[in-house]
Structures are given as structure tokens and as C-alpha cells.
Amino acid sequence: MRISVIGQGYVGTTMGVVLANAGHNVTGLDIDKKKIDALSKGELYFYEPGLEEMLQQQIKNRRISFTTNARKAVENSDTLFIAVGTPSHDNGNADLTYIKQAARMIGSFMNKEKLIVVKSTVPIGTTEKVKQWIASENQGDSTGKVVMNPEFLREGSALQDALYPDRIVIGSHCEEAAETLRKIYQSWSCPMLTTTPKAAEMIKYASNAFLATKISFINEMAKLCDTLGVDIHDVSKGIGLDERIGPHFLEAGLGYGGSCFPKDVKELLWTADANHNPLRILKEVESINHAQPRYLLDKLKNSLTTLKGKRVAVLGLAFKPHTDDTRESVAFPIIRQLLDEEAGVAVHDPVVHLSKDWLDKCVKQYGDPYRTVAGTDAVVICTNWPQYAELDWAKIREIVRQPLIFDGRNMLKAEQIQSLNFHYEGIGYP
Ligand code: NAD
């Protein structure tokens with residue numbers, strides 16, 4: 001099948017590569033020439049384990065190519081996947097500018113009947129609008145068949161998630177269109193669920209809302225554990241063994257970030273309010289999550305009395321390990337607060353480089369974690385990169401000014417760290 005993928009971000013690039021790997025002939029389209037130039041050379045412009053190798057393999061096999069030429073991408077394909085961004089407006093409602101542009105562009109170049117697959121996460125009812133936007137630009141009779149096919153991959157394990165998803169959801173009113181998409185996915189072996197487009201849109205938002213709820217739930221429990229002197233690890237393990245609950249997303253810490261959970265929770269809250277059906281649980285989930293960085297900073301301030309003039313090391317800038325994505329990463333509100341309270345800040349991340357804006361604000365970034373922590377009054381862990389657990393903490397004990405560790409991801413072994421005479425605090429981890 002000849003497939004074009006519109007939008008070569010985290011989702012579009014990953015989907016294009018795995019569709020090529022499944023034997024399809026893929027064209028990746030983006031408006032950003034720099035991204036297209038890099039991908040054409042087999043260079044992944046973002047960090048995602050394993051993806052670059054498969055990209056290069058598929059370029060070599062001539063199964064994938066990249067272009068900024070929209071006409072070519074539309075005309076030379078039978079199926080078009082839309083994987084452009086859907087960021088938030090200030091009020092939380094999803095901004096559909098890019099989806100609308102992509103749909104109109106498809107409409108203006110559509111030369112025959114095609115299948116249009118909406119991969120982007122879009123508010124309930126948008127798939128129907130995509131059809132109308134395509135039709136509004138199309139001179140001929142063909143509007144194409146539009147189906148909703150939400151994506152559930154996670155950055156950091158995107159390739160594995162896209163190759164081996166838990167399920168594929170196909171939202172379509174047209175059985176023929178759904179069947180074409182099932183054929184495209186015929187080499188995938190997971191359950192496939194066919195629903196209406198609106199249900200497929202809702203499944204994506206409800207999935208992310210539920211996972212965000214699990215995270216805020218365990219963070220609430222962790223704070224109570226702090227007060228009662230109970231280890232949240234025991235609690236997470238104990239409740240996670242219940243099949244009805246499951247072990248995932250029960251790690252207490254600084255809360256969720258990234259390009260999806262925060263914006264998708266906001267959008268669902270906006271839609272619920274607009275439909276006079278407010279989601280009270282989800283409002284609390286969002287406010288609990290928002291308060292998590294403050295909770296760790298209060299612990300830090302209790303220990304240091306004042307942040308003014310203190311030097312603090314922040315380990316981890318990515319919103320989670322194995323990605324270079326910093327969208328809605330909790331590290332940044334933490335750094336901002338430290339600077340506001342006149343602390344000096346040194347940061348480290350294995351793959352993220354601070355922008356000039358942050359460096360101009362006198363944040364120092366080092367390529368070496370030991371240099372980052374040297375001479376500091378406290379170490380704050382924001383991202384659970386596995387390499388931080390492997391650091392020589394005995395050596396770090398020798399080079400810090402004060403032996404204080406605030407582990408926002410509960411990733412270090414408290415007993416081991418305390419045995420090195422550190423004052424160690426996690427979240428719900430006495
Ligand atoms: P992204 O911001 O990384 O990439 C979007 C790309 O679309 C950009 O490269 C941009 O230049 C391109 N683009 C915008 N308008 C275009 C147009 N008219 N024609 C061609 N290209 C255009 O976004 P992402 O993280 O890949 O997310 C894409 C969608 O998938 C969003 O709706 C997101 O919510 C959803 N999603 C993301 C993830 C994730 O982990 N990132 C997971 C599941 C679903």
C-alpha cells in the first residue's frame with residue numbers, strides 16, 4: 001500500500017517507519033524542511049531508542065522517503081495518515097489549526113478516492129470535521145473516507161509500542177474503510193477494536209485521563225504515607241498485585257508531564273465543561289499534579305531554611321527517561337522556582353541541552369553529573385534516568401557542600417544512600 005504520513009514528529013516518524021517495516025511504501029511529509037532534510041539522510045532529529053536504526057534500514061530498502069512537497073505526498077498515495085500536533089489553547093481547548101491545514105491540503109490535492117486516517121489526538125467530533133475540511137477544498141466529487149485511529153505509543157519506548165501495541169482502535173462509520181485499515185495493519189497481532197469515530201476519539205482521551213488519575217492517586221497516597229511513616233513502594237506493590245488495579249503507573253513522584261497527558265487532560269476538562277458535564281475527579285487530578293513540584297520544593301526549603309544563595313543541582317530535564325522531550329517537564333517549574341528564590345542552579349541531562357534562554361538566566365549545564373553536583377547544597381532528581389542510580393554516590397558525598405538529596409522519582413535506594421550519611425527524601429518514602 002502507498003501511504004503518506006503528514007507530520008513527521010514523534011508519532012508521524014515512528015508510524016512511518018513501522019509501516020515501512022511492515023512492507024508498505026511510505027512517504028513522510030512535513031512543512032519543516034530541516035526535519036525532512038535530516039530524516040532523508042537517515043538522521044533522527046529527536047531521541048528515541050532504536051528508531052534511527054530502523055529508519056536507516058527502511059531508507060536502504062527504499063520503503064520510506066521524505067518530502068516537503070504536499071502535492072506529491074497526496075497524489076502518490078492511496079492512504080494518508082494525519083499525525084500533526086494538536087497543542088492546547090490557553091483555555092485548555094485543543095488548537096486544531098494544524099489538523100485543519102492538513103485536511104484542507106489533502107482536499108486541494110486529492111486526485112482520487114483515498115483513505116484518510118486521523119492519528120493525531122483530536123477532540124470528540126473532529127474526525128467528522130476533517131471530512132468537511134477536506135470536502136471544502138476539493139474541486140471534484142471525492143472527499144475520501146476518513147477514519148479515526150488514535151495512537152497510544154509512549155515516547156521513550158515508541159518503537160516497541162508502535163510495533164507491538166496493546167490494541168488498535170479504528171473509529172469508522174464505513175466498514176469498507178475500516179477493512180482497508182485492518183489490511184494495512186494485517187501484520188500486527190494485537191486485538192483490533194472497531195467503533196464509531198467519536199468513540200475512538202473518546203477512548204484516547206479517556207485512556208490518558210485514567211492513567212493521569214492513577215498517577216495523581218498514588219501521589220496523594222504517597223503524601224499520606226509521608227505523614228504516617230509508610231513506604232509508598234510497599235503500598236504500590238501491594239495494590240498493584242491486584243489484577244483489578246494492575247502494577248503500572250503507580251510510581252509516586254513529581255507527577256506527569258510531557259506532550260500528551262497535560263494537554264489531553266486539559267482538553268477533556270474543557271469539553272466536559274463546555275457540555276455542562278464537569279469532570280470533578282479529573283479537575284482534582286490536574287490540581288494534584290500541578291502541586292507536586294511545590295511539595296518537593298517545600299521539603300527542600302525545610303531542610304535548607306532558605307534557598308537564597310544556596311547552590312542546587314537538578315538531575316534530569318526530560319519529562320521522563322529515554323526521551324529528549326521537555327514539553328511540560330516538571331524540571332522547569334522547579335528550576336524557575338529555585339531561580340526566583342535566588343538559588344544558583346546547575347543541571348544535567350544525558351540527552352537534553354538547555355536552550356540559550358535558560359543559560360542566559362544563569363543556569364549552568366554540565367555534561368558530567370559529578371561536575372553538576374560538585375559544591376552544591378542539595379541534589380534534586382527530576383527524571384529517573386537509570387544512569388543516576390548507577391552514579392558513585394560515595395564519591396558524590398565527598399564533593400557536595402551539603403549532603404542533601406531530594407529524589408523526585410523515588411529512584412534511589414534510600415537505605416543505601418542514607419548509609420553514606422546523606423539526608424535523603426523521596427515522596428512517600430520515609
Ligand atoms: P510533534 O509536534 O512532535 O510533530 C508534529 C509535526 O507536524 C511537526 O513536525 C510539524 O512540523 C508537522 N506539521 C504541522 N502542520 C503540518 C502540515 N500542515 N503538514 C505537514 N506537517 C505538519 O507532535 P507529536 O508529538 O508527534 O504528536 C502528534 C499528534 O499525536 C498529537 O495530536 C499528539 O497528541 C498525538 N500523540 C502524541 C504522542 C507522543 O507521545 N508524542 C503519543 C500519542 C499521540
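Read the numbers this way: they start at 1 and go in the same order the structure lists the ligands and their atoms. Just so it is clear, the values below take in all heavy atoms, side chains as well, and ignore hydrogens, waters and symmetry mates. Sequential numbering from 1 along the given sequence is applied to the chain's residues.
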Ligand-residue contact atoms, ligand 1 with T86, heavy atoms, under 4.0 Å: 31 (C), 32 (O), 34 (O)
Element-labelled atoms of ligand 1 that are located less than 4.0 Å from some non-hydrogen atom of G85: 5 (C)
T271-E267 side chain donor-acceptor pair, cut-off 3.5 Å: yes
contact_flag E151 ligand 1 heavy-atom lt 4.0 Å: yes
Residues that E75 engages under salt bridge (Lys or Arg N to Asp or Glu O under 4.0 Å), provided they are two or more places apart: R71
Close approach of K204 to ligand 1, heavy atoms, under 4.0 angstrom: yes
Ligand-residue contact atoms, ligand 1 with C260, heavy atoms, under 4.0 Å: 36 (N), 37 (C), 38 (C), 39 (C), 40 (O), 42 (C)
Nearest candidate to atom 25 (O) of ligand 1, where distance is taken over non-hydrogen atoms, out of M105, R327, E48: R327
H89 and W270 aromatic centres sub-6.0 Å: no
Heavy-atom gap M15 to ligand 1 smaller than 4.0 Å: no
Candidate with minimal heavy-atom separation from atom 35 (C) of ligand 1, of I106, N208, T121: T121
Proximal atoms of ligand 1 relative to K263 (non-hydrogen, under 4.0 Å): 33 (C), 34 (O)
Location of contacts on S259 toward ligand 1, heavy atoms closer than 4.0 Å: side chain
Atoms of ligand 1, numbered as shown, that sit under 4.0 Å from any heavy atom of I6: 19 (N), 20 (C)
Intermediate values then yes/no, salt bridge (charged side-chain N to carboxylate O under 4.0 Å, His left out), R409 and E251: CA-CA 8 Å; R409 298 297 174 185; E251 286 154 15; over 6 Å; no
Quiz: residues 158-169 side-chain donor-acceptor pairs under 3.5 angstrom, not counting sequence neighbours:
residue: D161; atom: OD1; partner: R154; partner atom: NH2; Å: 2.7
residue: D161; atom: OD2; partner: R154; partner atom: N; Å: 2.8
residue: D161; atom: OD2; partner: R154; partner atom: NE; Å: 2.8
residue: D161; atom: OD2; partner: R154; partner atom: NH2; Å: 3.4
residue: D161; atom: OD2; partner: S157; partner atom: OG; Å: 3.1
residue: R167; atom: NH2; partner: S207; partner atom: OG; Å: 3.2

Option of least heavy-atom distance to atom 18 (N) of ligand 1 (set: A102, S4, G258): A102
Mutual orientation of the aromatic rings belonging to Y185 and F81 [parallel < 30°, tilted 30-60°, perpendicular > 60°]: perpendicular
Minimum non-hydrogen distance to atom 22 (C) of ligand 1, winning option of T13, V84, T68, V5: V84
Worked verdict on R294 versus D298 for salt bridge (charged side-chain N to carboxylate O under 4.0 Å, His left out): CA-CA 6 Å; R294 184 80 252 172; D298 284 347; 3.3 Å; yes
Criterion salt bridge (charged side-chain N to carboxylate O under 4.0 Å, His left out) on K33 and D37, from CA distance to verdict: CA-CA 6 Å; K33 190 171 176 313; D37 287 346; 2.8 Å; yes
Under 3.5 Å side-chain donor-acceptor pair for K263 and T86: yes
